> 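Before anything else, here's the structure in question.
We're numbering straight along the sequence, starting at 1. Values reported hereafter were calculated over all heavy atoms of this structure, with side chains retained and with hydrogens, waters and symmetry mates removed. The structure presented is a predicted model; accordingly, all values stated were derived computationally and were not measured.
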Amino acid sequence: MAEAVRLPSESTQAAGYPSLFLLVVLGALVPVVPTGAVVSSAAVVAFHQTNPFPTLLVFAVASVAAFSGDVALYWLGRRGFRSKNGSRWLDAIRGSAPPDRLEQAQGKLREHGVMVLVLSRLVPAGRIPVMLACLLAEWPLRRFARGNAPACLAWAATYQLIGVLGGSLFHEAWEGVLAAVALTLLLSAVPALWSRLRRPARDDTGSGAESGSGNGSGARKGPADRNARPDPPAPGAPDSPAAPGR
């Protein structure tokens, strides 16, 4: 009887690994899918198993899936750059990278090189701007893949650690899944919230600069200023005209 109860659990867990792989690849191609929450949830379920092998397998599947999705998206982006008409994948990459984030990513890529790829995978919403910066810098696919491999390993380890933490805090697996999903969604929402908080400050600074420039010396003169006669020069001044002789 116990053996009959254990078999469905093992079969369900075995079927979950292909689902995890497909969801992470889809999330790499379509950034809307919260892949971090998917990996953390799978890590919680694996943590509650008596065998430590499922935890290692979740890490391996998540790393390979993230690497495969990133390489596929970068290849599609390079193909769009070489095409005269571009591609919808390239347009999607450009649409997901705000100009200010792209400019910042280009500067960091010039300064630090491949290390930026590792950090971009760990920072929420930082992967696409750095990928577009690599495309604009005309990095070959092999160079991008070499830098992206440790980035995917670090990303999978980070979100799996979040899942293990959630699983260790709660006795029930579903409680740990809820905690891990809530934490990953909160982390992913931090950059968007931070940009919204900074936007009013930039707008106020820009409006203040415009008002200051309008009141400066570059303001246009009115009709009264143009029609005002200058003061007559003092007698004997060098610029005054010479008096006629008697």
> Between Phe59 and Val39, is any pair of side-chain heavy atoms under 4.5 Å apart?
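No. Closest side-chain heavy atoms not under 4.5 Å.
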> Same hydrophobic cluster for Tyr17 and Leu22, using side-chain heavy-atom links shorter than 4.5 Å among ILVMFWY?
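They do share one cluster, since a chain of ILVMFWY contacts under 4.5 Å joins Tyr17 to Leu22.
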> Evaluate the side-chain proximity of Ile93 to Ile128: yes if any heavy-atom separation is below 4.5 Å, no if none is.
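In contact.
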> Tell me the closest heavy-atom pair linking Pro140 and Arg78, and the distance in Å.
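Closest approach of Pro140 to Arg78, heavy atoms only: CA-NH1, 3.8 Å.
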> Would you indicate whether the side-chain heavy atoms of Asp70 and Arg121 approach each other to under 4.5 Å?
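Yes, side chains in contact.
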> Can you name the nearest heavy-atom pair linking Ala28 to Leu73, along with the distance?
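It is O-CD2, 3.4 Å.
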> If Ile, Leu, Val, Met, Phe, Trp and Tyr residues are connected whenever their side-chain heavy atoms lie under 4.5 Å apart, and connections chain through other members, are Tyr159 and Val164 in the same group?
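In one cluster with Tyr159: Val164, no.
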> Identify the heavy atoms of Cys152 and Ser63 that sit nearest to each other, and give their distance.
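Heavy atoms only, the tightest pair is CB-O, 3.9 Å.
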> Within this structure, what is the CG-OG distance for the pair Leu26 and Ser19, rounded to the nearest 0.5 Å?
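Reported value, rounded in 0.5 Å steps: 12.0 Å.
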> For residues Ala154 and Val118, report the shortest heavy-atom separation together with the two atoms involved.
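That closest heavy-atom pairing would be CB-CG1, 4.3 Å.
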> Between Leu153 and Leu57, is there a shared hydrophobic cluster once you connect ILVMFWY residues whose side-chain heavy atoms come closer than 4.5 Å?
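Looking at the clustering, Leu57 is in a separate group from Leu153.
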> Roughly how far, to the nearest 0.5 Å, is the CD atom of Gln160 from the CG atom of Leu56?
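Separation between the atoms: 7.5 Å.
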> State which residues pass ring pair (Phe, Tyr, Trp, His ring centres under 6.0 Å) with Phe144; sequence neighbours excluded, sorted by chain then number.
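Phe144 satisfies ring pair (Phe, Tyr, Trp, His ring centres under 6.0 Å) with Tyr74 once adjacent residues are dropped.
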> First locate atom NZ of Lys108, then atom CD of Glu111, and finally report the distance between them rounded to the nearest 0.5 Å.
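It comes to 9.0 Å.
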> Does any part of the side chain of Val58, heavy atoms only, come nearer than 4.5 Å to the side chain of Phe47, both counted from C-beta?
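Side-chain contact under 4.5 Å: no.
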> Quick one: pull up OG in Ser41 and CG in Leu178 and give me the separation to the nearest 0.5 Å.
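Here the rounded value is 8.5 Å.
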> Rounded to the nearest 0.5 Å, what separates atom CG in Leu141 from atom SG in Cys134?
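Taking CG in Leu141 and SG in Cys134, the distance rounds to 11.0 Å.
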> For a 4.5 angstrom cut-off between non-hydrogen side-chain atoms, does Leu136 reach Leu102?
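Answer yes - side chains close enough.
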> I'd like to know if the side chain of Ser120 reaches the main chain of Leu117, judged simply by a donor and an acceptor atom lying under 3.5 Å from each other, with no hydrogens or angles considered.
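Flag set: sc Ser120 to bb Leu117 pair under 3.5 Å.
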> Which pair of non-hydrogen atoms, one from Val24 and one from Ala66, has the smallest distance, and what is that distance?
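That closest heavy-atom pairing would be CG1-N, 3.5 Å.
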> In Å, rounded to the nearest 0.5 Å, how long is the span from OG of Ser96 to CZ of Arg127?
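Between Ser96 OG and Arg127 CZ, I get 9.0 Å after rounding to 0.5 Å.
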> Are Trp75 and Val130 linked, directly or through intermediate hydrophobic residues, by side-chain heavy-atom contacts shorter than 4.5 Å (ILVMFWY only)?
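Cluster IDs for Val130 and Trp75 match.
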> Minimum heavy-atom separation for Phe67 to Ala145, with atom names?
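For Phe67 versus Ala145, the nearest heavy atoms are CE1-O, 3.4 Å.
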> Would Leu132 end up clustered with Met115 when hydrophobic side chains under 4.5 Å apart are linked, directly or stepwise?
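No, separate clusters.
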